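Just so we're clear, the structure is a prediction, and the values are computed from it rather than from any experiment.
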Amino acid sequence: MQPNARLIALGMASITKLDFVRDFFEVLKQENAFDLVDILTYHGYRHNPDDSYPHIERLRQLVWSYKPAVVFMQGENGAPSQAKGTTVGAMTDQDWSELTQAKWDLRRMLGDHGRGIATNLFTISDIHYAAGDHMVGINSKGLLQTNPDKTIKRPKLAYKAAQHVFSTFDDQIETLTYVKPTVSGKTVNSFAYRHKKSGGSLVTLWSGEARPAEEYAPKPTTVTVEGQFKTPVFVDLLTGKIYEIPKTNWSKTGRTHTFTNVPIPDYPVLIADKGVLL
């Protein structure tokens, strides 16, 4: 009835149950039914969101060995914004705050985006579970804080951070899988992008060595990347602030740009051609 519909499976709570996935696709293979799966979804929470990707990559390689066209989607993921003992759900065995939640969400969004994984943030507002639900209490993973009567109280820091990502990474921004930025820091993650119309470049950067922290000293890092940076700027995706990069801190040889002493925090920031952001 809907020939253009795409079918989504499986909503997996785990990203390590490869035996289950293999059995599932073996049945599809026997039934000649690979057309029943267009998108595969999973959850899989980790205190350090970057720790998930080795498991996800193994999962992708297994699924693609059966059907290479399957798109992967992060179906449910987010971080709490409250201290342990005051909130329920995944990862509530450790203390969280609105700051560490926002950092975690940024890392999940752009870690997924850089790898071509569709993604969802769980959830738009805090959830109040009552007696009879599968848990009781407030799940504080919402981007919006709620009142006891479940009305919206206010946006959290993560809401603003998500706005900065969504307003920047629209359908004009394409991921450049063939461009690999070179960074001096071993723990720094990086992905390269290009604005389709202007040709301007963007690079996402963050330190993924540990779970997001309340206090983190940014790592001075040298970044080398091929692209177009007519007027390079540094963008803080947590605050939304844009900073000029002093000419003494960058150089160009052909299309290769080198940026020095770039302060890389434990959440994503950008080096971007200023024209892309206008």
*Find the distance between OH (Tyr66) and CH2 (Trp64) and round it off to the nearest 0.5 Å.*
16.0 Å
*Would you check if there is a donor-acceptor pair between the side chains of Tyr53 and Asp112 at a distance under 3.5 Å?*
yes
*Taking atom types as modelled, find out whether Thr146 and Ser125 have a side-chain donor-acceptor pair closer than 3.5 angstrom.*
no
*On the ring face of Tyr45, is Lys141 found with NZ or CZ under 6.0 Å from the centre and within 45° of the axis?*
yes
*Does a donor on one side chain and an acceptor on the other come within less than 3.5 Å for Asn48 and Trp104?*
no
_Flag for Ser52-His55: side-chain donor and acceptor within less than 3.5 Å_ = no
*Could you tell me how the ring of Tyr243 sits relative to the ring of Phe234: parallel (under 30°), tilted (30 to 60°) or perpendicular (over 60°)?*
tilted
*For the residue pair His47 and Trp96, does the interplanar ring angle fall in the parallel (under 30°), tilted (30 to 60°) or perpendicular (over 60°) class?*
parallel
_Cation-pi, Tyr267 ring and Arg107 (6.0 angstrom, 45 degrees)_ = no
*Can you find a side-chain donor-acceptor pair between Gln74 and Thr41 that sits under 3.5 Å?*
no
*Describe, in one word, how the ring planes of Phe169 and His113 are oriented to each other, choosing from parallel (under 30°), tilted (30 to 60°) and perpendicular (over 60°).*
perpendicular
_Regarding Glu98 and Tyr159, do their side chains bring together a donor and an acceptor under 3.5 Å, going by distance alone?_
no
